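Here the structure comes first, spelled out in structure tokens, and everything after it is commentary.
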Amino acid sequence: MRFFISAIFFLVIFSSAAAYDPLDPNGNITIKWDIMSWTADGYVASVTMNNFQMYRHIMTPGWTLGWTWAKKEVIWSIVGAQTTEQGDCSKFKGNVPHCCKKDPIVVDLLPGVPYNQQFSNCCKGGVLSSWGQDPLSSVSAFQVSVGLAGTTNKTVKLPKNFTLLGPGPGYTCGRAKIVPPTTYLTPDRRRKTQALMTWNVTCTYSQILARKNPSCCVSLSSFYNDTITSCPNCACGCQDKGNCVKAGSKLLQKSGINTPRKSNAPLLQCTHHMCPIRVHWHVKQNYKEYWRVKLAVTNFNYRLNYTLWTLAIQHPNLNNVTQVFSFDYKPLVPYGSINDTGMFYGLKFYNDLLMEAGPSGNVQSEVLLQKDQNTFTFKNGWAFPRKVYFNGEECLMPPPDSYPFMPNSARQNTIAFSSLISSLIFLLIVIQ
């Protein structure tokens, strides 16, 4: 009995920890249902999805939301979204519902749908920006008219078993909970109205549930050592090793080779690490009061463009970022007093699109950091990041004993030759 209780306790702790992100402890997707009016046999509700994750967004082909009705509810109509199946509506004569399934699956509408099918914050193809990158684009909503349901706060039964794909697995949704009704301001901002009833559903992300292997890896180099620490072998698993394509292969000239598949199956360039994404951190220069790092992100997937990419990095000197040259940057301070994490993302209309594998499948920037003379050092791998996340997925770091080491005879101040070697090393990494 004691062993059984211990096992249950372990499973609860493990499942909770699996969805916990130490760099974004409060990150989640909250789904809010607001009943706006009662109908003859049910209600009309506004459903709003808010992505409160700082650096994890939902990319194309977008979110998929599902649930199970508590009774025999049907969806008479839906605006700003649609269900993937109608189900069996044969018992209805005349007016046929939009969906009669016990467990409907809802997806967002594509941009450009007719105006009479749109709802506020809808029709983005299910793409949601992260809260930290663009709060205005981190919201999606639709309106649903539900029938054969309760018509008062006491007779309405909350849906159960919520599921969220974003676009793949990884999200776990809790139970719907009744919360105080949402209040709204009229356009003249002089009067408040409120929903008749509101409930929330919170969904959290776990990389362990999303995939068995990492989806990105990190390589390292520095001006003071000609060693390039590459990504570990099979860092993202080598299950696609037999289907990879060599760079420059004639196969890449075949029409349709870059078209995404419904299964989101990647077509990777053949590498020893077999990762879709590689992040390279290069310690470029050392000045008296500052030091400079060069960052490069390379896409090895021939079937995917990253339209909303983010790069979150943990390093103790990110509390003194002086300038970021060709990325946007925002510090992440999940614990208030500890400022060692930052988020990098592309400049709008410049490098916010990370193209598929090939000549354009690379974005890069430089970061200038001010030194704290009491803590700064090039020894023991201090100059390299502690954690790296791409699009909210933690990347596999090389083992610490393989980091470029600081030669005993190296001086702390760079010279012109060191700068030249540094640039050559970085160039070799980028063109690989």
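In this text the structure is predicted, and so the values were computed from the model without any measurement.
Within the 4.5 Å cutoff, the side chain of K91 has no heavy atoms near those of the C100 side chain. Between L318 and L369, the closest side-chain pair of non-hydrogen atoms falls below 4.5 Å. With contacts defined as side-chain heavy-atom distances shorter than 4.5 Å, the pair T229/F405 does not qualify. Side-chain contact between C203 and I31 is present, with heavy atoms from C-beta onward closer than 4.5 Å. In this structure, the side chains of Y55 and T341 stay at 4.5 Å or more apart for every pair of heavy atoms. You'll find the side chain of V144 stays beyond 4.5 Å of the side chain of V106, heavy atoms only. The side-chain heavy atoms of H273 and L396, taken from C-beta on, include no pair separated by under 4.5 Å. In this structure, L148 and W69 have side chains that are not in contact, with every pair of non-hydrogen atoms separated by 4.5 Å or more.
Rounded to the nearest 0.5 Å, atoms CD1 (I277) and OH (Y306) are 4.0 Å apart. Atoms OG1 and OH, from T310 and Y345 in turn, are 10.5 Å apart once rounded to the nearest 0.5 Å. For the atom pair F52 CZ and T202 OG1, the distance stands at 9.0 Å (nearest 0.5 Å). Taking OH of Y43 as the start and CE of M197 as the end, the distance is 8.5 Å to the nearest 0.5 Å. Here the straight-line distance linking atom OG of S77 with atom NE2 of H98 works out to 8.5 Å at 0.5 Å rounding. Annotation: the span from N213 atom CG to E393 atom CD amounts to 11.5 Å, rounded to 0.5 Å.
Counted within 6.0 Å of NZ on K102, heavy atoms from surrounding residues, nucleotides or ligands total more than 12; the atom is thus considered enclosed. More than 12 heavy-atom neighbours from other residues, nucleotides or ligands sit within 6.0 angstrom of NZ on K71. Sparse packing is recorded around NZ of K157, with 12 or fewer heavy atoms of other residues, nucleotides or ligands lying under 6.0 Å away. Atom OH of Y350 has 12 or fewer heavy atoms from other residues, nucleotides or ligands within 6.0 Å. More than 12 heavy atoms of other shown residues, nucleotides or ligands fall within 6.0 angstrom of atom CZ in R386. For N380, the CG atom is loosely surrounded, since the number of other residues' heavy atoms within 6.0 Å does not exceed 12.
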Derivation and outcome, side chain to side chain contact (heavy atoms under 4.5 Å, CB included), residues L332 and L23
CA-CA 8 Å; L332 301 176; L23 300 188; 5.7 Å; no
Run the disulfide (SG to SG under 2.5 Å) test on C275 and C236 for me, step by step, so that the C-alpha distance in whole Å, both residues' side-chain angles and the decisive distance to 0.1 Å come before the verdict.
CA-CA 5 Å; C275 287; C236 299; 1.9 Å; yes
Evaluate N121 against T48 for side chain to side chain contact (heavy atoms under 4.5 Å, CB included), listing each step before the verdict.
CA-CA 9 Å; N121 290 311; T48 306; 6.0 Å; no
Worked verdict on F390 versus V388 for side chain to side chain contact (heavy atoms under 4.5 Å, CB included)
CA-CA 7 Å; F390 180 80; V388 175; 5.8 Å; no
After noting the C-alpha distance and the side-chain angles of D103 and N161, does the key distance pass the side chain to side chain contact (heavy atoms under 4.5 Å, CB included) rule?
CA-CA 9 Å; D103 51 352; N161 304 329; over 6 Å; no
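A pairwise comparison of heavy atoms in P97 and W76 identifies CG-CZ3, 3.6 Å as the closest pair. When every heavy atom of M343 is checked against every heavy atom of Q133, the shortest pair comes out as CE-N, 3.7 Å. Here the shortest heavy-atom pairing between S221 and H282 reads OG-ND1, 2.6 Å. Residues P266 and R303 come closest through the heavy atom pair O-NH1, 3.8 Å. Minimum interatomic distance between G126 and I58 (heavy atoms only, all atoms of both residues): O-CG2, 3.4 Å. Nearest heavy atoms, G392 versus R56: O-NH2, 2.6 Å.
Partners of Y171 under the ring-ring contact (aromatic ring centres under 6.0 Å, His included) rule, at least two apart in sequence or in another chain, are Y205.
A donor-acceptor pair shorter than 3.5 Å cannot be found between the side chains of N28 and T204.
Less than 2.5 Å separates the SG atom of C395 from that of C216.
In terms of modelled atom types and a separation under 3.5 Å, the side chain of H280 and the main chain of S219 share a donor-acceptor contact. Looking at W281, its side chain does come within 3.5 Å of a backbone N or O of A383 through a donor-acceptor pair. In this structure a side-chain-to-backbone donor-acceptor pair under 3.5 Å is present from T198 to T182. In this structure, the side chain of Q207 engages the main chain of E394 through a donor-acceptor pair within 3.5 Å. Looking at K241, its side chain does come within 3.5 Å of a backbone N or O of T271 through a donor-acceptor pair. Here the side chain of H272 pairs no donor or acceptor atom with the backbone of A235 at under 3.5 angstrom. Judged by distance alone, the side chain of S130 and the main-chain N or O of M54 form a donor-acceptor pair under 3.5 Å. Distance alone, capped at 3.5 Å, places no donor-acceptor pair between the N299 side chain and the G361 backbone. Side-chain atoms of T83 do not come within 3.5 Å of backbone N or O of Q86 as any donor-acceptor pair. Using modelled atom types, no side-chain atom of N51 and backbone atom of S138 make a donor-acceptor pair closer than 3.5 Å.
Between K32 and D34 there is a salt bridge, with a side-chain nitrogen of the basic residue lying less than 4.0 Å from a carboxylate oxygen of the acidic one.
For the ring-ring contact (aromatic ring centres under 6.0 Å, His included) with H315, the lone residue among W291, F384, F344, F376 that qualifies is W291.
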